[in-house]
Structures are given as C-alpha cells and as structure tokens.
*Asks:* 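Quick one: structure below, then a few questions.
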Protein chains: 2
Amino acid sequence: MSEEPRNTRQAAAGERRVGTQIRRDVMQLILDRRLPPGAPLPTEAELMESLGVSRNSVREALKALQALDIVEIRHGYGTYVGQASLTPLVDGLTFRTLAGVADDHAALTEILQIREVLEEGLIRRVADGIGDDGLARLESIVGRMEGAARAGEAFPDLDRTFHETLYDTLGNALVPQLLAAFWNVYHRVAKVRGWTSDPAPAVTACRHRDILTALRARDVAGAERAMADHFRGIEARSGQATLGVR
Amino acid sequence: MSEEPRNTRQAAAGERRVGTQIRRDVMQLILDRRLPPGAPLPTEAELMESLGVSRNSVREALKALQALDIVEIRHGYGTYVGQASLTPLVDGLTFRTLAGVADDHAALTEILQIREVLEEGLIRRVADGIGDDGLARLESIVGRMEGAARAGEAFPDLDRTFHETLYDTLGNALVPQLLAAFWNVYHRVAKVRGWTSDPAPAVTACRHRDILTALRARDVAGAERAMADHFRGIEARSGQATLGVR
DNA sequence: GGGGATTTGTCCGTATGTATC
DNA sequence: CGATACATACGGACAAATCCC
C-alpha cells in the first residue's frame, strides 16, 4: 500500500500532462461514440468522475477544445460537440496579421494571393460543371449587387455570398469554408484598421457581372481572366488604403 | 466608496463573460506592446492582479489561447507569446476528418483537391521567378529521393521538404505553412487509419523529377501538367488504401 | 550538483449566475 | 413562477517543473 496509483492515467504512461490527456480523452470519446456535431457531451461532473481528475483540469481542457470549436459550451445548460469549423484559423490569422512584425499590408497581400490562386484554379472547374440553377442563383446575387451599387452603397455580404455560392456546385464543403475564412480575416483586419469599405461599388459589381457572363458562355479562359481582374481591383483598393494611413 | 469599479472591464461593457474578456485583454496586451513571438508575458499572478480576476479564470483563458498557439506556456518557467502557427488548423481538420459522418475518404479528397488547385496555380508563378539556387536545392532533394527509391524506401519527409522549398521563392510565408498544414492532416489521418506509406517510391520520385525538369526548361505548361500527374498518383494511392480496408 | 526561489499544474471547497423544464 | 441542473467564478493549498546561484 506504499504507492497507490490514484488513477489509470499515470500507469498507462499515455501523457504526463493531465490537461493534455483530458483533451485527447474527450476527442477520443467523440470519435468512439460517433457523436455528430450538436450531440450532448458528459457534464463536467461526469467527466471529472469518469476520468478521475478535478473540475479545474476538466474545465481547462474543455476551454481549449472550445477555442478549437471541437466542443461547444452553453452556460447553464451543458457541453456539446462543436462544428469543427475554421473559426480557429480566422482567429489565428487575424491575430497573426495584426501582430505582424512587418506592416500588415504584406500579411494581407499573402492571404489575398492565396485566395487569388485558389479562386482562379477553382473557377475553371466551376465553369465545366455549373448548371442552370447555379447560374440563376448567381444572377440573383449580381442583380442585387447592381441595385446596391446604383444606390452608392457597398455590399460586403453580397460579395461574400457570391463567392460562396460560386463554389457550392463543386461538392467540396471545405472550399467555401476556407474562402470564407480568408474573407473574414481580410475584412476583420480592415475593420480594425478603420479602412473604408469599397470606395467604388459600381466597379466591383461590374467585375462580378463579368465573371457571371463568362460562366454563362462556358468561356473558361474568360472566367479566369475576369476573376484575375477582380483580384487586381481588390489589391488596388488594399494598396490605396495602406497609402492612406502612412 | 459605495461603488468601486474594480477594473475597466465591467464599465466598458465589452463582454459579460470574464473568460472571454481576459482572452481579449491578453491579445490586446501583445498587440499594444508590439511583443514578438517568444517574448515573455506577465505571470499568472501578475495577470490576476492587473485584471482583477481569479487565477482559475486567468488559466482557462490562457489555455484557450494556448490551443490557438497565440501563447506558449512552459511549466515552471513562464508564459510567452506564441508563434500563431497553423497548428490549430491541423488539429481541427484532423479531428473533423476522423469524425466525419461520411467516410474519411471523401474528406481527404476535399483536402487533396484544395492542395491540387493551390499547387497547380502556384507552380506557374514559381516557374517564372525561380533562380539557379532554388533549382539546385530542389535537385539535391530529388537526388536524395531517387537514392531512397533505389533502396525501396519511402521518403515522406523529403516529399514534404520538396514542396516546401518549391514555394519558398515566392516570398509568401503563408503558402508553405498552409501546404504543410494540409500535408500534416493527410499523413496524420493516414497514420491513424494504418495506411501503408507510398507503395511505389520509384514512381513518386519520378514525378518530382518531371516537375524539376519542366522547371529547368522554364516550361510552365509542362510543370503544371507534371504537378497534375503527381496528384493523380496521390489520389490513386488514397483510393486504393480505402479500398483495402473495406 | 545541491538548494532555494519562482512559476505553472492540479486539487479541493464554496458561492453565484444562467438556462431549461 | 419555482425547482433543478449546469456552467461560471472565486479563494486557498500543495505538487511538479524550471531556473539561478
């Protein structure tokens, strides 16, 4: 009775840090039970008993998993399986950009370049397989863009929705989420920096119209060029904004 | 003395959740003081005094920031500014893939498709601006690949290094990190699933040789085709692996 | 290499706010 | 509205790891 292994954690030699082990255990629990997003998880009390750890350790591990959107905690109600979205990427990239040792224009240009490469490559695949319903949905969005542009208003949400719907037809759920993540980082940084949003809505609406027109004509090369032009416009706006604060 | 605003947090009405507010405060502290990655942060005791909260709350917030790689905690030493790497993305995507309601082959195909679009678009820009030193570094890597292939051994690390060095010349620090993140997710899932690594190293080495040859000849279209062929090979391997466990 | 100081890791107990039924 | 279950937050205590002298 000289040494009593309080729990099974030390004996298994899985991890020396309790907190890390709890994180792995909770993730493994979700995987083992095939719990879908939104499914209820054991309460903190149940976890501290089944894992043999204190409430504080459970909470710290749960907070870490919450930051990764692997679990979702609702105050006074319970803990649930999270959506595993790309929110952590948005938070991380936003912080990284704002904290950049160099000026943020360079960091934002990097993000923009990746978006550009992605969308230029994707538009080709979209042009091949888009159907009439997809074109109709895009037409509706572009129509609303032109309406807002005539009123002289910017339309960041419509812009985002356009690109999101554009790649819905690919059947790749990760693509719209990744592009939305980059989009969110860009606009969140712009908001913090106090940049004005889209000084020329009419031009932006025209760019989207060009993309849709090329898509209708099944003009792959034209769609690629239209998308490239669109990004030239964004870069120009971004460059002017940084010039303004210098 | 009837009401003493212990801190400025409640008065500003920024957030009603203490934990969330601490997270924002610590991030803002890093931004305000222009602290670079690796710089020391206040100790837990200092934070609980300056923010007027308990140690548990400080620790929970710090654990969340640690999961995002925004801070780095060293047991018995101190807390430091993190690298803000893409580790959270790797963790999230790996979990998301393993927990996928559909089979993981679909989820991995999504990741692979994004890598494919990215690298096919990037290789074009690389072919324009790569110098002799870059070609020499790639030559060295491909040479070691061919050596390993002759010995019948797989070379996952060399594969990863090849793609990483390939895009070093772009001057976009985010590109290699993002590709490395996708690469890590793919191989981590493959490891968990017990897939065998690269059954035909000779073919893989040949694909990389093709890319390098096209790059030397400044053959943009050829480089793009070689890269596409490379991904066809990966997809074939991935498809066979999932067939094997069925 | 030994010892003390500092800092994070873990645990316990208690009180409070919050959402659901 | 009350009752209940749950997360949120606080305070104190000791253990473990690291560093410095």
Side-chain angles (χ1 to χ4, degrees), chain A residues 2-26 29 38-82, chain B residues 4-11 13-26 29 35 38-82:
Chain A
S2 54
E3 32 90 54
E4 50 159 313
R6 305 205 301 216
N7 311 319
T8 55
R9 64 184 156 90
Q10 203 87 336
E15 262 294 332
R16 51 185 176 283
R17 294 276 199 286
V18 178
T20 309
Q21 186 57 36
I22 300 179
R23 265 175 49 171
R24 304 180 97 91
D25 285 339
V26 173
L29 183 143
L41 253 48
T43 67
E44 292 179 355
E46 289 170 335
L47 282 176
M48 55 186 283
E49 187 186 353
S50 74
L51 301 178
V53 294
S54 77
R55 176 166 354 234
N56 242 323
S57 301
V58 170
R59 285 185 56 78
E60 286 174 8
L62 250 34
K63 283 286 185 181
L65 292 178
Q66 184 189 32
L68 297 174
D69 199 23
I70 287 179
V71 309
E72 181 189 348
I73 306 178
R74 275 187 258 174
H75 188 171
Y77 194 38
T79 309
Y80 299 82
V81 180
Chain B
E4 52 160 312
R6 304 204 304 215
N7 312 315
T8 55
R9 65 182 157 88
Q10 204 87 334
E15 262 296 331
R16 50 184 173 283
R17 294 277 197 286
V18 178
T20 308
Q21 187 56 36
I22 300 178
R23 266 176 44 174
R24 305 182 96 91
D25 285 339
V26 173
L29 183 144
L35 297 180
L41 253 48
T43 66
E44 294 177 354
E46 289 170 335
L47 282 177
M48 53 185 285
E49 187 186 352
S50 75
L51 301 178
V53 294
S54 75
R55 189 156 100 100
N56 278 332
S57 301
V58 170
R59 285 186 56 77
E60 286 172 11
L62 251 32
K63 282 286 183 181
L65 291 178
Q66 185 189 33
L68 297 175
D69 199 22
I70 286 178
V71 308
E72 180 189 347
I73 307 178
R74 279 187 254 175
H75 186 177
Y77 193 39
T79 309
Y80 299 82
V81 179

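These values consider heavy atoms only, across backbone and side chains, with no hydrogens, waters or symmetry-generated copies. Reminder, nothing fancy here: chain letters follow the sequence lines and each chain counts from 1.
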*Asks:* For B/Gly19 and B/Ala61, which heavy atoms make the closest approach, and how far apart are they?
*Replies:*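 Nearest heavy atoms, B/Gly19 then B/Ala61: O-CB, 3.8 Å.
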
*Asks:* Please pick, from C/dT10, D/dA9, C/dT8, the nucleotide with the shortest atom-to-atom distance to any side-chain atom of A/Arg17.
*Replies:* C/dT10

*Asks:* For residues A/Pro40 and A/Thr79, determine if any side-chain heavy atom of one lies less than 4.5 Å from a side-chain heavy atom of the other.
*Replies:* no

*Asks:* Between side-chain atoms of residues 67-75 of chain A and protein atoms elsewhere (two or more places apart, or another chain), which donor-acceptor pairs fall under 3.5 Å?
*Replies:*
residue : atom : partner : partner atom : Å
A/Asp69 : OD2  : A/Ser85 : N            : 3.0
A/Asp69 : OD2  : A/Ser85 : OG           : 2.6

*Asks:* How many Å lie between CD on B/Glu72 and P on C/dT8, as a whole number?
*Replies:* 13 Å

*Asks:* So, is B/Thr79 near the phosphate of C/dT8, with a side-chain N or O under 4.0 Å from OP1 or OP2?
*Replies:* yes

*Asks:* Rounding to an integer number of Å, can you tell me how far A/Glu49 CD sits from C/dC11 P?
*Replies:*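 Taking atom P of C/dC11 as the reference, CD of A/Glu49 is at 14 Å.
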
*Asks:* Would A/Arg24 and A/Gln21 count as a side chain to side chain contact (heavy atoms under 4.5 Å, CB included) here? Give the steps.
*Replies:* CA-CA 5 Å; A/Arg24 304 180 97 91; A/Gln21 186 57 36; 4.2 Å; yes

*Asks:* For the pair made of CG in A/Leu41 and P in D/dA7, what is the distance, rounded to whole Å?
*Replies:*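 After rounding, the gap between these two atoms is 10 Å.
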
*Asks:* Which pairs with one or both residues in residues 41-50 of chain A pass salt bridge (Lys or Arg N to Asp or Glu O under 4.0 Å), sequence neighbours excluded?
*Replies:*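 Sorted result for residues 41-50 of chain A: A/Glu44-A/Arg59.
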
*Asks:* To the nearest Å, how far apart are B/Ile73 CD1 and D/dA17 P?
*Replies:*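 About 16 Å, once rounded to whole Å.
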
*Asks:* Does A/Arg74 or A/Met48 map to a spot on DNA chain C nearer the 5' end, using the closest nucleotide for each?
*Replies:* A/Met48

*Asks:* For the pair made of CZ in A/Arg55 and C1' in C/dC11, what is the distance, rounded to whole Å?
*Replies:* 12 Å

*Asks:* Using only modelled atom types and a 3.5 angstrom limit, is any donor from either the side chain of A/His75 or the base of C/dT18 paired with an acceptor on the other?
*Replies:*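 Absent.
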
*Asks:* List in chain and number order the residues that pass side-chain contact (heavy atoms from CB on, under 4.5 Å) with A/Ala45, two or more places apart in sequence or in another chain; answer none if no residue qualifies.
*Replies:* A/Thr43

*Asks:* Sugar-phosphate atoms are those with a prime plus P, OP1 and OP2; base atoms are the rest. Using that split, label each nucleotide of nucleotides 1-6 of chain C B, S or - for protein heavy atoms under 4.0 Å, 5' to 3'.
*Replies:* -----B

*Asks:* Are any of the side-chain heavy atoms of B/Leu47 and B/Leu62 separated by less than 4.5 Å?
*Replies:* yes

*Asks:* Got a sec, which residues hit side-chain contact (heavy atoms from CB on, under 4.5 Å) with A/Leu29, two or more places apart in sequence or on another chain?
*Replies:* A/Arg33, A/Leu35, A/Pro42

*Asks:* For B/Asn56, check side-chain contact (heavy atoms from CB on, under 4.5 Å) against everything at least two apart and list the hits.
*Replies:* A/Asn56, B/Ser54

*Asks:* Near DNA chain D, under 4.0 Å by heavy atom, which residues of residues 56-71 of chain B?
*Replies:*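 Contacts with DNA chain D under 4.0 Å: B/Asn56, B/Ser57.
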
*Asks:* Tell me: CD of A/Glu44 to C1' of D/dA5, nearest whole Å?
*Replies:*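 Interatomic distance, CD of A/Glu44 to C1' of D/dA5: 12 Å.
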
